[in-house]
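A short write-up of the structure that comes next.
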2 protein chains.
Amino acid sequence: MKPTLQYSITIFKALSEVTRLKIIWLLMNMDSKICVSEIIEVLEEPQYNVSRHLKILSKAGLLEESKEGKWVYYYIKKTNSEFLQHIKNAVSIISKNDMTMEIQRCKQKLLTRDK
Amino acid sequence: MKPTLQYSITIFKALSEVTRLKIIWLLMNMDSKICVSEIIEVLEEPQYNVSRHLKILSKAGLLEESKEGKWVYYYIKKTNSEFLQHIKNAVSIISKNDMTMEIQRCKQKLLTRDK
DNA sequence: ACATCATATGCCTTTTGGTGCATATGAGTT
DNA sequence: AACTCATATGCACCAAAAGGCATATGATGT
């Protein structure tokens, strides 16, 4: 199905904010589901902001959540929408220069995850 | 060159507003440069808004302008940025359902252009 | 049952973005 | 030079989005 104008705008808006774009970028590049507290540490953003931005991304249909005990894990929603695929292709080539610290913290986080 | 986070956000923001997205969509689908007064008629938006949105799109690097007499023509800026190419691919498949009236008016306009 | 940890959310303030109107600029026309 | 047409822009206003803080919810552990 081809996306409507309004739907496209929802997606573009969702991606027009630094924290949100960083979240999407990280989830795409780390290729792993990540829980809220991990994102908080990695991005060094307050808890309520991370929560809210995750909600916006979910509502836009870009993320999905899975509750596991007291944690909520978020991951990139699989899609067969051609439109979203193009958008994801675009996001995937955003430079990681602005993100070196976050990447380091994230890799560290993922390594030291308790099993 | 890979786009920075901030640059990507500029692009996403530029595309997060109906009038602006319609302008881009039209320019891509009509495959012709269009001047401001034509866009005003086609979109039925006030002059000052069209002007302003065109400016925002230009500043974001999505459009280019050429002055011809008292008219200013706008057209999609050619790019070899991989990022922008993906974005354009996405925009190109937005449904034209919301745009039927605009398309008709636009085709009419282009046909009746004085030479 | 109580305390704690992880996450979400309501309310309020601040910031950002869009619109309307009036006016400015600048080119073409008389 | 005065007038009109096409476009741009400054200012004031309103609406939407983001952020801060406090509190709520809901699961886990004692």
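- Whole-Å rounding puts the A:Leu15 CG to D:dA17 C1' distance at 15 Å.
- The interatomic distance linking B:Ile9 (CD1) with D:dA18 (C1') rounds to 13 Å, in whole Å.
- When rounded to the nearest whole Å, the span between CG of B:Leu54 and C1' of D:dT9 equals 14 Å.
- Each of A:Glu45, A:Glu44, A:Glu41 was compared with A:Arg105 under the salt bridge (charged side-chain N to carboxylate O under 4.0 Å, His left out) criterion, and only A:Glu44 meets it.
- In this structure, the nucleotide among D:dG19, D:dT7, C:dG18 sitting nearest to the side chain of A:Tyr48 is D:dG19.
- Residue A:Tyr73 is out of contact with every strand shown, counting any heavy-atom pair closer than 4.0 Å.
- Comparing C:dC5, D:dG19, C:dG20 against the side chain of B:Pro46 picks out C:dG20 as the nearest.
- Rounded to whole Å, atom P of C:dT16 lies 17 Å from atom NZ of A:Lys13.
- In this structure the side chain of B:Ile94 never reaches within 4.5 angstrom of the side chain of A:Tyr7, judged on heavy atoms.
- What separates NZ of B:Lys55 from C1' of D:dT7 is a distance of 11 Å, to the nearest Å.
- Side chain of B:Lys70, nearest nucleotide from D:dG19, D:dA17, D:dA6: D:dA6.
- Counting only heavy atoms from C-beta on, B:Ser37 has its side chain closest to D:dA6 among D:dA6, C:dT19, C:dT9.
- Nearest nucleotide to the side chain of A:Trp71, out of C:dT7, D:dT9, C:dA8: C:dT7.
- Using a 4.5 Å cut-off between side-chain heavy atoms of Ile, Leu, Val, Met, Phe, Trp and Tyr, with links allowed through other members, B:Ile103 and B:Val50 fall into the same hydrophobic cluster.
- Mapping B:Asn49 and A:Thr19 onto DNA chain D by nearest heavy atom places B:Asn49 at the nucleotide closer to the 5' end.
- Contact annotation: B:Tyr74 side-chain N/O to D:dA8 OP1/OP2 distance is under 4.0 Å.
- Ion pair B:Glu68/B:Lys33 flagged as a salt bridge, since at least one NZ, NE, NH1 or NH2 atom sits closer than 4.0 Å to an Asp/Glu carboxylate oxygen.
- By the neighbour-count criterion of 12 heavy atoms within 6.0 Å, atom CD of B:Glu82 is sparsely surrounded, having that number or fewer from other residues, nucleotides or ligands.
- Residue order along DNA chain D, read from the 5' end via each residue's closest nucleotide, puts B:Cys35 first among B:Cys35 and A:Ser16.
- Atom CZ of A:Arg52 is separated from atom P of D:dC21 by 11 Å (rounded to the nearest Å).
- One atom, NZ of B:Lys59, and another, P of D:dA8, lie 13 Å apart when rounded to the nearest Å.
- Distance B:Ile23 CD1 to C:dG18 P: 12 Å, rounded to the nearest Å.
- For D:dA8, the base has a donor-acceptor partner in the side chain of B:Gln47 [N/O atoms by modelled type, under 3.5 angstrom].
- Distances from the side chain of B:His53 to the nucleotides C:dA8, C:dT19, D:dA18 place C:dT19 closest.
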